[in-house]
Amino acid sequence: MPLTCQTLIDRHSQLWHQATHHPFLEQCKTGAIAQSQFNTWLVQDYLFVLEFTRMAARLVTLAPVADMDGLLGGLGALKDELEWFQAKAAQRHLSLAAEPQPTCETYCIVMKQLAGAPYAIQAVAFWAIELAYNQGWQLPGPMVEPYDEFANRWGNPGFTAYVKLLEQQADAALEALPESDWAKAEAIFVKVAELEIEFWQLAFNA
Ligand code: HMH
C-alpha cells in the first residue's frame, strides 16, 4: 500500500475533522463572531502567512520541474494575499506590527524546521496547510458579510483546484520517498492538524 495524502486523511479523519470545523468558522458564517476574535485571527494569520511564504519559497528550491509552475502560481497568490491582509488590516485600523502569540509562533517554528526535510515531507505539509483552509472556510457554506470575502478567498473553486494539484504533487513525491521516512510524513500531517485546531482556538479565545 503506497502512502498518499488521502491515506493520511483517512488514518486521522477525526483529527482532520476537528482541524477543519471550528466554532470560529461557524460564527463567521452567522456573523456572531466578535470583532476582537476576528481581528485577532486576522493579525495572527498575517504573521503566519509571512512565514508560510518563506516555506513556499523553500519548496520551489527543491521542486522537480513538473511542480515548478504550480508552486510559482502559489507564490504569486501569496503576494496578493499578503497585500490583501494589509488592506483588510488597514480597513479595520489594526496594526500588523504585532507579536505572534505562542500558537502562531510554534506553527512558524514548525514550518522553519521543515527546511532541510525531503521534498515529499515539505510537500505534504504545504498541501495539508492549504487544504485545512480550503475545507475550513468552505464547509460551513455561504457566510454573511463581511466574512463571505474571507470564505471565498480560500473556499473558491480555483483554490480548491490548486489544493488538488498540491495533493497530486505531494503524492508523486511520496511515491519516491523511502518507506523509512513515511512516519515523518505522517507526523507532519498530524502536527499541521493539531496546530490548525490550536490556531482557531487562539482566535476564538480572544
Ligand atoms: C493557520 N493555516 C493557517 N493560516 C492560513 N492562512 C492557512 C493555513 C492557509 O494558507
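Quick note: residue numbers are just sequence positions, from 1. Just so you know, ligand 1 is whichever comes first in the structure, and atom 1 is the first atom listed for that ligand.
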Can you list the residues that meet the salt bridge (Lys or Arg N to Asp or Glu O under 4.0 Å) rule with Glu105, with sequence neighbours excluded? none
Need the list: ligand 1 N/O atoms against protein N/O atoms, distance under 3.5 Å, rounded to one decimal.
residue  : atom   : partner : partner atom : Å
ligand 1 : 2 (N)  : Glu196  : OE1          : 3.3
ligand 1 : 2 (N)  : Glu196  : OE2          : 2.6
ligand 1 : 4 (N)  : Asp45   : OD1          : 2.6
ligand 1 : 4 (N)  : Asp45   : OD2          : 3.4
ligand 1 : 4 (N)  : Tyr133  : OH           : 3.3
ligand 1 : 6 (N)  : Asp45   : OD2          : 2.8
ligand 1 : 10 (O) : Glu130  : OE1          : 2.9

For Thr53, the side chain to side chain contact (heavy atoms under 4.5 Å, CB included) test, sequence neighbours excluded, returns Val49, Leu75, Leu78, Leu82
Among Glu51, Glu198, Glu196, side chain to side chain donor-acceptor pair (under 3.5 Å) partner for Tyr107: Glu196
When Tyr133, Phe38, Phe85 are each screened for ring-ring contact (aromatic ring centres under 6.0 Å, His included) with Phe150, the one that passes is Phe38
Per-pair distances, 0.1 Å, donor-acceptor, side chain in residues 158-168, under 3.5 Å, sequence neighbours excluded:
residue : atom : partner : partner atom : Å
Thr160  : OG1  : Asn134  : ND2          : 3.0
Thr160  : OG1  : Gln138  : NE2          : 3.0
Thr160  : OG1  : Asn156  : O            : 3.2
Lys164  : NZ   : Glu167  : OE1          : 3.1

Do the side chains of Glu149 and Arg153 get close enough for a salt bridge, i.e. N-O under 4.0 angstrom? no
